[in-house]
There are 2 protein chains.
Amino acid sequence: MSDGATRLYLDDLQVGQRFTSGTHALDEAQVKAFAAQFDPQPFHLDDAAAQGTLFGGLAASGWHTAAITMRLLVEGGAPIAGGIIGAGAELQWPTPTRAGDVLVVESEVVAVAPSRSKPDRGIVTVRSETRNQRGEVRQVNTARLLVFRRPPA
Amino acid sequence: MSDGATRLYLDDLQVGQRFTSGTHALDEAQVKAFAAQFDPQPFHLDDAAAQGTLFGGLAASGWHTAAITMRLLVEGGAPIAGGIIGAGAELQWPTPTRAGDVLVVESEVVAVAPSRSKPDRGIVTVRSETRNQRGEVRQVNTARLLVFRRPPA
């Protein structure tokens with residue numbers, strides 16, 4: 001958070017700005033470990049059990065996709081000064097995330113709204129698509145982020 | 001998923017139905033472990049660093065709250081036959097989740113929409129509030145769940 005030179009304040013953000021994250025390679029062990037801790041359902045834990053379900057094979061928890069997406073945003077996919085502070089988010093999972101996916105997050109600023117009551121901040125809406133190496137969209141997250149103005153010099 | 005007798009199909013769900021989960025006691029070690037893996041920002045990792053931020057002290061990642069909420073729903077907080085399969089979710093984090101919180105999820109069915117094209121299923125919208133032991137709302141999740149009809153006998 002200390003690299004202020006490369007991080008963006010509310011003043012620096014405008015609709016249409018785009019960011020691309022690094023990548024995250026997901027494997028079966030990660031899928032099962034997350035599921036065991038937070039989403040212990042057969043289709044997230046066991047490939048054989050998942051075959052007979054809607055998923056047709058082992059699928060990552062949507063919350064795992066969301067958590068990996070956050071990691072990728074924090075590591076540079078959304079270079080917001082002061083960090084990524086979410087007030088809310090709207091998630092869609094159009095296709096299941098799979099072991100073997102190499103995930104990347106492409107984000108776009110879709111709204112910038114200075115606060116009426118607090119002049120030092122605003123809400124920036126960022127739409128982030130999480131895709132795999134074949135361009136398949138695994139998640140769309142439209143997040144409302146609290147972003148501060150650049151402090152007076 | 002095999003205890004069909006106590007799990008609910010689309011046919012069994014109606015607007016206004018409510019469910020209450022078990023509880024999850026969150027501690028500082030859990031907060032920091034999740035943050036280190038998925039949301040490595042100072043206010044989720046270190047109490048001293050968090051003091052000078054908006055959070056005023058160590059706060060759990062919102063994605064951690066979301067993941068714990070899912071665990072509580074899977075463990076009985078939303079007894080859906082075939083499991084909890086989310087098509088999407090809308091999250092709000094009105095207050096930061098803290099170490100020491102004992103979380104519980106109260107859910108209410110807010111819409112039931114049979115599919116027009118696929119007669120064996122529908123979308124059920126469930127609004128889940130995640131609260132701590134003092135009733136403070138840490139998250140509101142309005143989720144769209146894919147729910148199947150009871151199979152023919």
Side-chain angles (χ1 to χ4, degrees), chain A residues 1-2 24 30 33-46 49-50 52-55 59 61-75 78 80 82-96 118 120-121 139-148, chain B residues 1-2 24 30 33-46 49-50 52-55 59 61-75 78 80 82-96 118 120-121 139-148:
Chain A
M1 300 302 112
S2 58
H24 180 88
Q30 293 169 50
F34 186 97
Q37 195 174 0
F38 294 117
D39 194 348
Q41 304 194 86
F43 36 74
H44 299 321
L45 286 166
D46 182 75
T53 71
L54 181 84
F55 295 105
S61 170
W63 302 107
H64 193 185
T65 307
I68 292 168
T69 298
M70 187 63 186
R71 173 84 193 213
L72 290 170
L73 291 173
V74 166
E75 285 179 336
I80 310 290
I84 301 175
I85 301 172
E90 194 188 317
L91 298 168
Q92 297 165 269
W93 295 293
T95 61
K118 295 177 179 167
D120 68 338
R121 66 191 69 176
Q139 179 181 279
V140 182
N141 175 12
T142 305
R144 290 180 303 110
L145 305 180
L146 177 64
V147 180
F148 289 94
Chain B
M1 299 302 111
S2 57
H24 180 88
Q30 293 169 51
F34 186 95
Q37 196 174 0
F38 294 115
D39 193 348
Q41 302 193 88
F43 36 75
H44 299 320
L45 287 167
D46 182 76
T53 71
L54 181 84
F55 295 105
S61 170
W63 303 107
H64 193 185
T65 307
I68 292 168
T69 297
M70 187 64 186
R71 173 84 194 210
L72 290 170
L73 292 172
V74 167
E75 284 179 337
I80 310 290
I84 302 175
I85 301 172
E90 193 187 318
L91 298 168
Q92 297 164 270
W93 296 293
T95 61
K118 295 178 179 165
D120 68 338
R121 65 191 70 175
Q139 178 181 279
V140 181
N141 175 12
T142 305
R144 291 181 301 111
L145 305 179
L146 176 64
V147 181
F148 289 94

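Every chain is numbered from 1 and lettered A, B, ... according to where its sequence line falls, protein lines coming before strand lines. All values reported here derive from a predicted model rather than from experimental measurement. Computed from heavy atoms alone, side chains included, the values below leave out hydrogens, waters and symmetry copies.
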Pairs of heavy atoms under 4.5 Å with chain A: top-ranked of B:His64, B:His24, B:Gln37 | B:Gln37
Where does B:Ala36 contact chain A at under 4.5 Å (heavy atoms): side chain, backbone, both or neither?
-> backbone
Between B:Ala87 and chain A, which part of the residue has a heavy atom less than 4.5 Å away: side chain, backbone, both or neither?
-> backbone
Do you know which of A:Ser61, A:Gly88, A:Ala35, A:Gly62 has the most heavy-atom pairs with chain B at a distance under 4.5 angstrom?
-> A:Gly88
CZ of A:Phe38 to CG of B:Leu73, rounded to nearest 0.5 Å, is 13.5 Å
Side-chain donor/acceptor of A:Gln41 to backbone N/O of B:Ile84, under 3.5 Å = yes
So CD1 of A:Ile85 and NE2 of B:His44: to nearest 0.5 Å the spacing works out to 8.0 Å
Between A:Thr53, A:Asn141, A:Leu91, A:Thr69, which shows the greatest number of heavy-atom pairs under 4.5 Å with chain B?
-> A:Leu91
Of the backbone (N, CA, C, O) and the side chain (C-beta and beyond), which part of B:Glu75 lies under 4.5 Å from a heavy atom of chain A, both, or neither?
-> neither
Rounding to 0.5 Å, atoms CZ (B:Arg71) and CH2 (A:Trp63) come to a distance of 16.0 Å
Measure distances from B:Leu146 to the heavy atoms of chain A and classify the residue's part below 4.5 Å as side chain, backbone, both or neither.
-> side chain
Contact class of B:Leu72 relative to chain A, heavy atoms under 4.5 angstrom | neither
Provide the closest heavy-atom pair for B:Gly86 versus A:Trp93 in the form atom of the first, atom of the second, distance.
-> O-CE3, 3.5 Å
